[in-house]
A.B. asks: 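If you scroll down you'll find the structure; I have some questions about it.
Lettering follows sequence order; numbering is per chain, from 1.
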Amino acid sequence: MYAWKCWHDSRDRVILYALASLAIGLMFGAIALAQYHRWLSYAWVWNSHVRRWYMDPVRWAWDWALYMTEGSIFPAALWVALTLGAVSVGREYRSGAMPFLLTRPASRKAFVWTDWSLGLAEMTVILAMMVVGVVSVLCRISRDYVWLSFPPLLGCVLLGAALYGLTHFTTALAGSSMKGLSASAAVILFYELLPGALQEWWRLSGPLKLRDWSLNLWEYKSGVNDPFTLHGWPMMMWLLVALAFPLLSQFVLEWREVKTSRDLCISGHVGSTGAIG
Amino acid sequence: MTELAISSQGLQKIYPQVRAVDGLDLNVPRGAVYGFLGRNGAGKTTTIKTLLGLVRPSAGAAQVLGLDIRKDHLAILERTGFVSETKLLFESLTARQLIRFNRGYFPKWSDALAERYAGLFEIPMDQPFRKLSLGNRTKVCHLLALSQGADLLLLDDPTSGLDPVMTDLLMEILIEDHVNEGRTVLFSSHHLSEVEKIAEWIGILEAGKLLLEARLEDIRQNFRLVIVSGDSLLMLAAPNLVFHKRAEKFSRFLVSYDAEEFAAKLRGEGATVLEISPVNLGEVFLGLAGKELPCMPGSAGTTRATA
């Protein structure tokens with residue numbers, strides 16, 4: 001029931017994002033395909049220089065498309081994670097529907113994990129659509145390199161899951177979409193900027209190295225047989241982070257009391273009733 | 001001993017700056033309509049939320065339908081219908097979609113009842129909740145609570161936003177479809193006329209304490225207001241004394257039974273008994289929870305707005 005309600009609330013956004021993602025993927029695929037045909041028309045190049053690195057122009061086209069996808073899928077994951085996380089269960093505090101929700105005979109754990117799982121599935125579909133777009137175009141020339149698209153997708157879903165979980169948690173903690181979104185964005189900015197600042201001001205390079213290592217989920221090397229290498233430890237770390245946030249959201253929902261009038265007054269939703277009677 | 005739908009023993013909810021519920025001993029008999037009265041901030045809503053697990057009690061214990069509120073939270077929710085004071089549901093859903101959402105949670109849910117109440121309440125079923133008026137929002141909240149086949153209904157200010165016709169209809173439904181079926185209704189309200197109309201029991205709460213819990217019939221039949229004049233009257237500690245208020249030379253005593261005997265004791269103390277009169281719920285409520293005004297003979301029944 002709650003999954004249906006969450007889907008009802010998010011489906012317009014998800015469909016829009018998925019279509020946009022698919023369109024971007026198709027565009028990258030089309031660009032790579034056009035480039036492939038251009039390369040073919042310069043066949044002499046293959047026979048001279050480029051052939052030293054690329055045995056196969058098809059492979060070159062796939063690399064091209066996935067290189068573009070890689071550059072877009074991370075910002076897309078960030079955007080989707082923030083926007084889906086901000087409309088998670090925690091926003092019901094602000095809307096005033098939390099007393100209604102929490103008086104349905106289901107555990108709060110179930111509400112949190114249902115909501116989180118659905119959001120994660122939606123995000124995965126949205127990001128996958130970009131890859132689907134690329135693959136559906138480039139399959140016209142060959143299906144040999146479809147597997148190349150999985151590592152960046154997996155890495156981005158994992159990173160997106162962590163960012164989505166963070167926003168899910170901050171929304172539950174703040175009890176409001178806007179506050180949750182702002183807090184999550186602040187944490188991400190802080191994570192991005194602080195290591196650099198520490199290195200600049202105090203010559204502390206450790207945090208910067210740790211950040212670079214942790215974000216280096218996969219490695220892209222043009223022209224080698226296995227261009228996308230997934231890195232186990234950063235992936236494991238982000239997996240743990242991704243799973244930790246819904247646990248924190250669950251903790252917040254289980255321990256936070258629903259004092260409607262007070263909650264609403266604090267957040268400015270209802271200004272007239274401050275009484276707890 | 002009457003079986004209780006709700007009972008609490010020394011229930012407390014303490015916030016950093018206020019004791020919202022302060023040692024509450026509530027006893028709501030099964031199958032009764034219980035009017036839960038109190039001024040704003042008296043602790044009615046906090047009590048209801050504590051019973052439903054929305055807030056955690058600071059101390060004390062409570063049982064709802066024989067189940068412990070700390071251990072059997074979900075079992076209580078499965079058998080309890082709740083209408084909150086704010087009447088806020090999911091804003092994006094229509095009444096029809098809210099029914100779809102709600103029905104899966106309650107094994108005794110009745111689509112037939114939902115359809116009946118939707119017709120009776122004249123609810124626009126296909127409008128998003130956010131676009132409904134306060135009255136229609138209240139009706140949707142009632143529809144959901146009444147259709148779930150609950151053994152207990154906890155209604156927090158159930159008539160807010162309803163017009164007199166709908167208020168009357170709701171009262172009828174509560175009696176005919178629920179109380180006559182042996183179910184229990186506890187509702188908090190500031191409208192004493194509504195409470196007097198359907199409640200069998202009343203509880204008056206003030207500053208988190210239960211000042212009075214009595215059958216409404218007992219109040220009508222046996223409670224008496226005794227107004228006396230006289231200086232230096234002793235404070236009586238009689239078991240039938242509900243409250244005693246004094247202003248200048250006049251004193252008011254509300255006694256729950258044997259008013260004549262009580263008046264005789266006062267005469268023995270040198271008081272002049274001016275009046276012994278039956279009381280209504282409003283007078284009892286104002287006497288217990290209302291603010292003091294100088295007491296004059298004949299003004300015992302003066303009523304002031306309490307909301």
Side-chain angles (χ1 to χ4, degrees), chain A residues 1-14 87-111 114-115 175-177 251-267 269-277, chain B residues 13 15 18 20-21 38-50 52-56 73-94 97-98 100-107 129-130 141 144-145 148 154 156-157 188 190 205-208:
Chain A
M1 288 78 69
Y2 189 59
W4 170 80
K5 187 264 171 189
C6 295
W7 168 242
H8 176 275
D9 284 356
S10 61
R11 66 186 173 197
D12 292 347
R13 184 182 281 111
V14 170
V87 294
S88 57
V89 64
R91 74 174 171 152
E92 305 300 356
Y93 284 108
R94 178 78 169 86
S95 75
M98 202 52 111
F100 173 72
L101 178 65
L102 297 186
T103 48
R104 304 309 92 189
S107 68
R108 298 179 186 193
K109 181 168 77 176
F111 289 129
T114 302
D115 179 46
S176 136
S177 288
F251 180 80
V252 169
L253 229 72
E254 284 181 342
W255 283 96
R256 186 172 178 174
E257 297 186 334
V258 185
K259 299 164 281 184
T260 317
S261 305
R262 282 184 168 191
D263 285 346
L264 294 177
C265 282
I266 287 166
S267 59
H269 189 69
V270 174
S272 57
T273 55
I276 47 173
Chain B
K13 180 62 197 176
Y15 293 113
V18 65
V21 179
R39 297 170 60 204
N40 290 330
K44 305 184 297 293
T45 297
T46 306
T47 302
I48 291 173
K49 285 182 175 170
T50 308
L52 289 168
L54 292 174
V55 297
R56 278 183 298 282
H73 172 61
L74 295 183
I76 290 171
L77 293 180
E78 199 171 286
R79 297 170 58 191
T80 305
F82 171 54
V83 172
S84 75
E85 60 168 345
T86 53
K87 317 289 183 296
L88 291 172
L89 307 178
F90 300 128
E91 293 193 333
S92 60
L93 302 188
T94 65
Q97 289 167 334
L98 282 163
R100 179 179 170 182
F101 170 80
N102 212 43
R103 70 155 73 92
Y105 287 109
F106 300 99
F129 189 77
R130 67 172 167 271
C141 293
L144 296 179
Q148 71 183 55
L154 297 178
D156 198 352
D157 201 4
S188 76
H190 296 143
L205 202 63
E206 176 64 15

A.B. asks: Quick one: closest heavy-atom pair of A:A106 and B:Y105, and the distance?
C.D. replies: CB-CE2, 3.8 Å

A.B. asks: Which residues pass the ring-ring contact (aromatic ring centres under 6.0 Å, His included) test with A:F111, not counting sequence neighbours?
C.D. replies: A:Y2

A.B. asks: Between B:L74, B:I48, B:V83, which has the largest tally of heavy atom pairs under 4.5 Å with chain A?
C.D. replies: B:L74

A.B. asks: Looking at residues at least two apart in the chain, or sitting in another chain, which of them share a salt bridge (charged side-chain N to carboxylate O under 4.0 Å, His left out) with A:D9?
C.D. replies: A:K5, A:R91

A.B. asks: Is it true that, when you exclude A:F251 itself, more than 12 heavy atoms of the residues, nucleotides or ligands shown sit nearer than 6.0 Å to its CZ?
C.D. replies: no

A.B. asks: Please report the shortest heavy-atom distance between A:L102 and B:L77, naming the atom on each side.
C.D. replies: O-CD1, 3.5 Å

A.B. asks: Using heavy-atom distances under 4.5 Å, tell me whether B:K13 contacts chain A through its side chain, its backbone, both, or neither.
C.D. replies: side chain

A.B. asks: Can you tell me how far apart CZ (B:R103) and CE (A:M1) are? Round to the nearest 0.5 Å.
C.D. replies: 11.0 Å

A.B. asks: Would you call A:R104 and B:E78 a salt bridge, taking side-chain N to carboxylate O under 4.0 Å as the test?
C.D. replies: no

A.B. asks: Sub-3.5 Å donor-acceptor pair from the side chain of B:E91 to the main-chain atoms of A:S95, do we have one?
C.D. replies: no

A.B. asks: Do you know which of B:L93, B:L144, B:L98 has the most heavy-atom pairs with chain A at a distance under 4.5 angstrom?
C.D. replies: B:L93

A.B. asks: By a 4.5 Å heavy-atom criterion (distance strictly below it), what part of B:Q97 contacts chain A: side chain, backbone, both, or neither?
C.D. replies: both

A.B. asks: So, for A:T103 and B:F106, which heavy atoms are closest and what is the spacing to 0.1 Å?
C.D. replies: O-CZ, 4.4 Å

A.B. asks: Kindly give the heavy-atom pair with the smallest separation between A:F100 and B:N102, and that separation in Å.
C.D. replies: CZ-OD1, 3.7 Å

A.B. asks: For the atom pair OG1 (B:T46) and CD (A:E257), what is the distance rounded to the nearest 0.5 Å?
C.D. replies: 9.5 Å

A.B. asks: With a 4.5 Å cut-off on side-chain heavy atoms, are A:E92 and B:F90 touching?
C.D. replies: yes

